[in-house]
Every structure is written in structure tokens, then in C-alpha cells.
Asker: 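Got a structure here, written out as C-alpha cells. Questions coming.
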Amino acid sequence: MNAHQRARATKPLSAVLRTRGGGAPVRGQDRTPLQDTWPQAGARIPLAARDSAVEVRAGRVHLTARLSLTDSDRAVAVLASGGRSSLDDRYFARVLHQAGFGTLVTDLLAADEVGCPHDVFDVPLLAGRLRGAATWLYGRTGLPYAYVAADTAAAAAVEATAPGLFAIVSRGGRPDLASPAALAAVRVPTLIVVGSLDTRVLGRTRVAVDWMCCEHRIVLVPGAPHLLTGPPALAAVADLAREWLSARLPRTVREERPSPVRPPSPGSVLPQA
């Protein structure tokens, strides 16, 4: 790889694609890395504790998260979007709880950062905070975890791989905002769910996955827009995420903690892109 190829590989894919239709601005420095300042830093979390609000200090800002965990959970899903947590995140958390997963629903931006496009599209900033939260979680629970990320947080999930990660789910996300080098470095199974009406993001996603060397799949939600909101689309994506994570748990976890038997929801089988 020559110097020009190395420079191109480290740019966000959106920058590579700008000649084909533009891309969102990405700021290159994570100026507020996540600090390990949750209460009782360094202590193991008792798995019987559940539904606990926790506070994250990230540089000069404090981010909030909600940890739900029981002693029967097989793994943890870290839910994040490109800003603040939403009702959609809480719905996903309920679905995944029923399948035997704990959840950490986390804000990656403070309230005063959400309105700033530079922060929302600052993938290194989001990735640093997501990686810090996941590292903290894994160090204190010892449980494998997966990212379930929406919007620009999907690119952050690609950039934030760390020990303990076993899968990634992008729900209406923008993995094309990650650099080609980061896409090529992912080694965990990755599911990318896209609304069939979002043809622009679908095209960019197809280019992005060409860089990936891991198991990956693009699934379309018929008639859904980019954000994949609303009961039909949301339920379908939640079922897909549950099935993807349950089938790709590390073997030792599957053997020790069998998955609850749950019938598939109607419409959970969707066309692949």
C-alpha cells in the first residue's frame, strides 16, 4: 500500500464518496475522551442489580446511561444513537431483555451538543465515548457485549471495536461514515438494516460493506424510510437484532445460558439487499 492509498484508507468513507454526491462533515479529533468516572469505579457490578441510572463524565460533560442487568442475562447490548437516547432505544431494550440480554442505553452526546451538526457527525468523538462505555461495562461484568447502533453511532460502532465485542447491529445507521480502514478491521458479525425507501444511504452502505472482511449482511425493511421509526418497522428491526445477536453469541455463553424459546414475530423475515 503506497502513501496515497494509506491516506485514503484512513479517511471516512463519506469523504471518499464526496465526488459522488457529498457527505456530512466529520471532525477529526476526539476532544473529550470518556473518563472512567462512574460511581464505584473499578468495582464489579452485581449482576442481580437492574435498571440502574448511571452517569458518565466525558471530559467536561456528563453523559447519562441506563444499565439493566440480571443474573440470568447471557450478554449485554449497548444501545446508542448519534445523540441522545430515545423511546426507540427503550423499545429495543425491552425486546432484548425478553431474549436474555442485559442492556446499556447510553447517550453519546450531552444535551447541549445534540444541536451541533459537527458533534453529531464527529465519528471519532462518538467512537471514543462508545468504546469507553463498552470497556467499562466489560471490565465490570465480564459479559460479552454487542453494539446496537443507529444513525451516526453505527459508524462509531465500526470504529469502536474492543475486547468482548461479539456482534454489531446497525439500524438505519451510517456505517459509510466510518473509514475504510476501520470497516476492513471489523472482525465480528455485522448486520446492517436499511429502509427500502432510503436509496441514498442504501447505495453508500453497499459501497461501505465492500471494505468489510467479516460476516456481514444488509437487510431491507420494505416501505421504511431512513430512521426506521414507527411500530411496523421498529418491531421488524428489533426482531432481526434479537435473532442476529442470539445466533452469534460466543459458543461458551450459548452452552452455559440457553436462549429463551420465543416464536418469531410476523414479518421478521425481511429481504436481503
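When a residue number appears, it is its place in the shown sequence, counting from 1. Computation of the quantities below employed the complete heavy-atom set of this structure, encompassing side-chain atoms and omitting hydrogens, waters and symmetry-equivalent molecules.
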Asker: Looking at side-chain heavy atoms only, is the closest gap between I168 and L165 below 4.5 Å?
Answerer: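 Yes, at least one pair of side-chain atoms sits under 4.5 Å.
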
Asker: Identify, with sequence neighbours excluded, every residue that meets side-chain hydrogen bond (donor to acceptor under 3.5 Å, both in side chains) alongside D88.
Answerer: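 D88 satisfies side-chain hydrogen bond (donor to acceptor under 3.5 Å, both in side chains) with no other residue.
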
Asker: Looking at every non-hydrogen atom in both residues, tell me the closest pair between A157 and A149 and how far apart they are.
Answerer: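 The answer is CB-CB, 4.2 Å.
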
Asker: If you group Ile, Leu, Val, Met, Phe, Trp and Tyr by side-chain heavy-atom gaps below 4.5 Å, do L197 and V237 land in one group?
Answerer: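 L197 does not cluster with V237.
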
Asker: When rounded to the nearest 0.5 angstrom, what is the spacing between CG in L96 and OH in Y91?
Answerer: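 One gets 10.0 Å once the value is rounded to the nearest 0.5 Å.
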
Asker: By the definition side-chain contact (heavy atoms from CB on, under 4.5 Å), identify the one residue from D176, V158, L183, V186 that meets it with W211.
Answerer: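 It is L183, the one option of D176, V158, L183, V186 that forms the side-chain contact (heavy atoms from CB on, under 4.5 Å) with W211.
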
Asker: Tell me the closest heavy-atom pair linking L108 and A80, and the distance in Å.
Answerer: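 Closest heavy-atom pair between L108 and A80: CD1-CB, 3.9 Å.
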
Asker: Give me the atom names and distance for the closest heavy-atom approach of A99 to R74.
Answerer: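 For A99 and R74, the tightest heavy-atom pair comes out as O-NH2, 2.7 Å.
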
Asker: Applying salt bridge (charged side-chain N to carboxylate O under 4.0 Å, His left out), which residue pairs with at least one partner in residues 162-171 are found, sequence neighbours left out?
Answerer: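 Checked against salt bridge (charged side-chain N to carboxylate O under 4.0 Å, His left out) - neighbours excluded - the pairs reaching residues 162-171 are D89-R171.
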
Asker: Taking only residues two or more places apart in sequence or in another chain, which ones pass ring pair (Phe, Tyr, Trp, His ring centres under 6.0 Å) with F92?
Answerer: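 None.
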
Asker: Can you pull out every ring-ring contact (aromatic ring centres under 6.0 Å, His included) where at least one residue sits in residues 147-167? Sequence neighbours excluded, please.
Answerer: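 Every ring-ring contact (aromatic ring centres under 6.0 Å, His included) pair that includes a residue of residues 147-167, provided the two are not neighbours, is Y145-Y147.
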
Asker: Judged by atom type as modelled, is there a donor-acceptor pair below 3.5 Å linking the side chain of R204 to the main-chain atoms of L177?
Answerer: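 No.
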
Asker: Quick one: does D239's side chain have a donor or acceptor within less than 3.5 Å of a partner on A236's backbone?
Answerer: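 Here the side-chain-to-backbone pair does not exist.
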
Asker: Would you check if the side chain of T152 reaches a backbone N or O of V120 as a donor-acceptor pair within less than 3.5 Å?
Answerer: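 Between the backbone of V120 and the side chain of T152 there is a qualifying donor-acceptor contact (under 3.5 Å).
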
Asker: Not counting sequence neighbours, which residues clear side-chain hydrogen bond (donor to acceptor under 3.5 Å, both in side chains) with T103? List them please.
Answerer: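 By the side-chain hydrogen bond (donor to acceptor under 3.5 Å, both in side chains) rule, T103 matches H97.
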
Asker: As an exercise, state the distance from CG of L228 to CG of D198, rounded to the nearest 0.5 Å.
Answerer: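 L228 CG to D198 CG: 8.0 Å, rounded to 0.5 Å.
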
Asker: With a 3.5 Å cut-off and no angle check, do the side chains of S81 and D151 form a donor-acceptor pair?
Answerer: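 Per modelled atom types, S81 and D151 side chains form no pair under 3.5 Å.
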
Asker: Could you work out, with side chain to side chain contact (heavy atoms under 4.5 Å, CB included) as the rule, every residue matching T205, not counting sequence neighbours?
Answerer: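 With neighbours one apart ignored, the set is P175, I192, V194, V201, V209, I218.
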
Asker: Give a yes or no on whether a salt bridge exists between R129 and E113, defined as a side-chain N under 4.0 angstrom from a carboxylate O.
Answerer: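 So R129 pairs with E113 through a salt bridge.
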
Asker: For a quick test of reading the model, state the closest non-hydrogen atom pair linking G223 to S196 and the distance between them.
Answerer: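 Scanning both residues completely, I find the closest heavy atoms to be N-OG, 2.7 Å.
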
Asker: For the side chain of T190 and the backbone of V188, is there at least one donor-acceptor N/O pair under 3.5 Å apart?
Answerer: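 Present.
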
Asker: Out of curiosity, R66 CZ to L79 CG, how far, rounded to the nearest 0.5 Å?
Answerer: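 Going from the CZ atom of R66 to the CG atom of L79 covers 13.5 Å.
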
Asker: Hey, could you give me the CG/CG distance between L245 and L240, rounded to the nearest 0.5 Å?
Answerer: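 If we round to the nearest 0.5 Å, L245:CG and L240:CG are 10.5 Å apart.
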
Asker: Rounded to the nearest 0.5 Å, how far does CG of L69 lie from CG of L104?
Answerer: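 Interatomic distance, L104 CG to L69 CG, rounded to 0.5 Å: 9.5 Å.
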
Asker: Working to the nearest 0.5 angstrom, can you tell me the gap between R187 CZ and E215 CD?
Answerer: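 Here the rounded value is 13.5 Å.
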
Asker: Decide yes or no for S246 and F101: does some side-chain heavy atom of the first lie under 4.5 Å from some side-chain heavy atom of the second?
Answerer: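 In short, these two side chains touch, coming nearer than 4.5 Å.
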
Asker: I'd like to know if the side chain of E159 and the backbone of P124 have a donor-acceptor N/O pair within less than 3.5 Å.
Answerer: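 No; judged by distance alone, with no hydrogens or angles, the pair does not exist.
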
